[in-house]
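Quick caveat, the model's predicted, so the values are computed rather than measured. Chain letters run A, B, ... following the sequence lines, proteins first and then strands; every chain starts at 1.
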Amino acid sequence: MGEHLLKQFDDEMNKLRFRLVRVGTLLQQQIELAISSLLDNNYERANLVIELEKKIDQLDIKIDKQCARIIALHQPVAQDLRLILAGFQINIYMEMMSDLATNITKRVLEMPDIQSIVAQTNINKMAKRLEEMISDILDGFVNMNVELAIKAVKASEDIDSIFDDNFKLINSIMIDDHSLIKFCANLQDINRNFQIIAKQGKSIAQELVFLFEAKVVKHFNIEDLNEIEKQEL
Amino acid sequence: MKKTKISVENLNLFYGKNQALHDIIIQIPENQVTAFIGPSGCGKSTFLRSINRMNDLIDNVKIDGKVIIDDIDIYDKNIDVVQLRKRIGMVFQKSNPFPKSIYENVAYGPRVNGINEKKILDEIVEESLKKAAIWDESKDRLKNSALSLSGGQQQRLCIARSLAVNPDILLMDEPASALDPISTSKIEELIHELKENYTIVIVTHNMQQAARVSDTTAFFYLGKLIEFDKTRKIFTNPTLKQTEDYITGRFG
C-alpha cells in the first residue's frame with residue numbers, strides 16, 4: 001500500500017506489523033526450542049522456552065493496546081481495518097501457542113527419560129511438519145502471500161492425521177508395557193499440545209486469508225480453499 | 001434489490017470548455033441513503049446539483065445525457081423546473097433560514113403552492129417540524145425568528161422547510177459539516193429516519209459520516225464516477241485500488 005497522508009498513522013501501522021512479526025519469530029524460535037528440548041533432552045533449551053514465553057506475554061499486551069489505540073484515534077477502514085481485526089486475533093492465537101509450547105517443555109522437564117519412547121512414535125514427523133507450517137505462516141504474513149497462508153491451513157489437516165497415528169501408537173505402547181503408563185500419559189499430553197498449536201496456527205493462517213483477500217474462510221473445507229487458490233493464479 | 005429512483009445515463013457537464021463531469025452512469029435506489037464521496041473538486045456537488053437542475057442557474061453550463069427520475073427525463077425540454085424542484089428538496093452546507101419566524105419558514109413553501117388555510121398550514125408546519133426532529137425544541141416559540149435558533153437547529157429547520165412541500169427526494173450538500181458533534185448526530189439520526197419515506201442523496205467529506213448514514217456510496221474522482229456499491233462493501237473491501245487509496249487516506 002502507498003503512503004498514508006498522515007505519517008503518524010503509517011508509523012502506527014508499521015509498528016503493529018513489526019510487533020506481530022516480532023512475536024511470530026519469537027514464537028517460531030520458542031516452538032523449535034520446545035521440539036529440540038523434547039527430541040534431544042536439552043534442559044538449557046527448555047528453560048529458554050519459558051523465558052521466551054515471558055517476552056511474548058509482554059508484547060501481547062502492547063499489541064492489544066496498540067490495536068485499540070489505532071481504532072480509537074484513526075478509525076481505519078478496508079485493508080487497514082482488516083489488519084487491526086486480524087492483528088487482534090493473531091495476537092491471541094500466538095499467545096496461546098506460546099503457552100502450549102511452554103506446557104510441552106514443562107512435561108519434558110518433568111520426564112527426563114521420555115526421549116526413548118518419543119523415538120517409537122511419529123512425534124518427530126509431527127514436529128517437523130509443524131515447523132514448516134509456522135515458517136509458511138510467517139513468510140505468508142511478511143510477503144502478503146495468500147498461497148502460503150492456504151498451504152498452512154492445509155498443513156493443519158496433515159498434522160491432525162499424524163496426531164491420530166501418534167495417539168494410537170502411544171496407546172499401544174502403554175498396553176504393551178504398563179510400567180510406561182506415566183511416561184505415555186505425558187506423551188499423549190505433548191501430542192495433544194502439538195495438535196492444538198497446529199490448530200491455532202491454522203486459525204492464524206485463516207486470518208491471513210481474511211487480511212489479504214477480505215474472505216472469511218474459517219469453516220471452509222479443502223475444496224473451497226482450492227477454489228480460492230485457483231482464483232489467485 | 002431496491003427500486004431505482006434516479007437513473008443517470010451518460011451525463012456530461014461542461015463549465016464553458018472545462019468538462020466537470022464525464023459520462024456519469026448511476027442508478028440511485030429509492031428510499032435509501034446514497035453518499036457521494038471524493039476529494040474537493042471531484043464533481044460530487046456539481047453532480048448533486050444536476051439532479052434538481054440547479055446548474056441551469058449557472059451561465060455557460062452545458063449538460064448532455066439523461067437524468068431520469070421515476071421514468072421522466074428531467075432534462076427534457078417540456079419539464080417545468082419549478083415543479084421538478086418541488087419534488088426535490090435541497091439542504092446546503094450552511095443553514096439558510098429566511099429572516100422570518102420559525103413558522104413562516106416552514107409555511108413559506110406550501111403558501112407558494114397555494115395553500116392559505118391556516119388550519120392546514122398549522123398541520124403542515126407541525127408535521128414537518130416533527131419529521132425534522134425539531135418540533136419539541138420549537139413548538140413553544142414558533143413566532144420567534146428562525147435566526148434565534150442554534151446552527152444545528154437552523155439546519156433541521158431547513159430540512160423541515162424542504163419537507164413541507166412534500167418532496168420525494170432530498171439532496172444534502174455537506175449538511176453537517178459546520179455543526180458540532182451533537183448536532184451532527186441529530187442530523188445523522190434524522191437522515192436515518194427520513195429514508196423510510198424519502199430518497200436521500202448526501203455529499204460529504206466526512207468519510208465516517210458516509211459510512212454511518214448511507215446504504216450505498218459513490219466515489220468520484222476528477223469528474224468521473226470511479227466506484228459505486230453498497231457502503232459496507234466500499235468501506236470494507238472496495239473493488240478498485242483508487243477507492244481503497246482514497247478511503248484509507250492514501251491520496252487526497
Practice task
Taking side-chain contact (heavy atoms from CB on, under 4.5 Å) as the test, write out the residues that go with B:Ile182, two or more places apart.
Solution key: B:Asp180, B:Lys186
Practice task
Could I get the full list of ring-ring contact (aromatic ring centres under 6.0 Å, His included) partners for B:Phe235, not counting sequence neighbours?
Solution key: none
Would you find more than 12 non-hydrogen atoms of other residues, nucleotides or ligands less than 6.0 Å from [X] atom [atom1]?
{"X": "A:Glu223", "atom1": "CD", "answer": "yes"}
{"X": "A:Lys154", "atom1": "NZ", "answer": "yes"}
{"X": "B:Lys233", "atom1": "NZ", "answer": "yes"}
{"X": "A:Arg69", "atom1": "CZ", "answer": "yes"}
{"X": "B:His192", "atom1": "NE2", "answer": "no"}

Completion exercise
Here the pair of heavy atoms bringing A:Val77 nearest to B:Ile247 is CG2-O, 3.3 Å
Problem - Residue pair B:Arg250 / A:Asp10: nearest heavy atoms and the distance that separates them - result: NH2-OD1, 3.9 Å
Problem - Check: B:Glu244 side chain, A:Gln79 main-chain N or O, donor-acceptor pair, under 3.5 Å - result: yes
Problem - Sequence neighbours excluded, every pair satisfying salt bridge (charged side-chain N to carboxylate O under 4.0 Å, His left out) that has a member inside residues 199-212 of chain B - result: B:Glu188-B:Arg212
Problem - chain B neighbours within residues 83-98 of chain A, where any heavy atom lies under 4.5 Å away - result: none
Completion exercise
Between the CZ atom in A:Arg82 and the OG1 atom in B:Thr236, the distance rounded to the nearest 0.5 Å is 7.5 Å
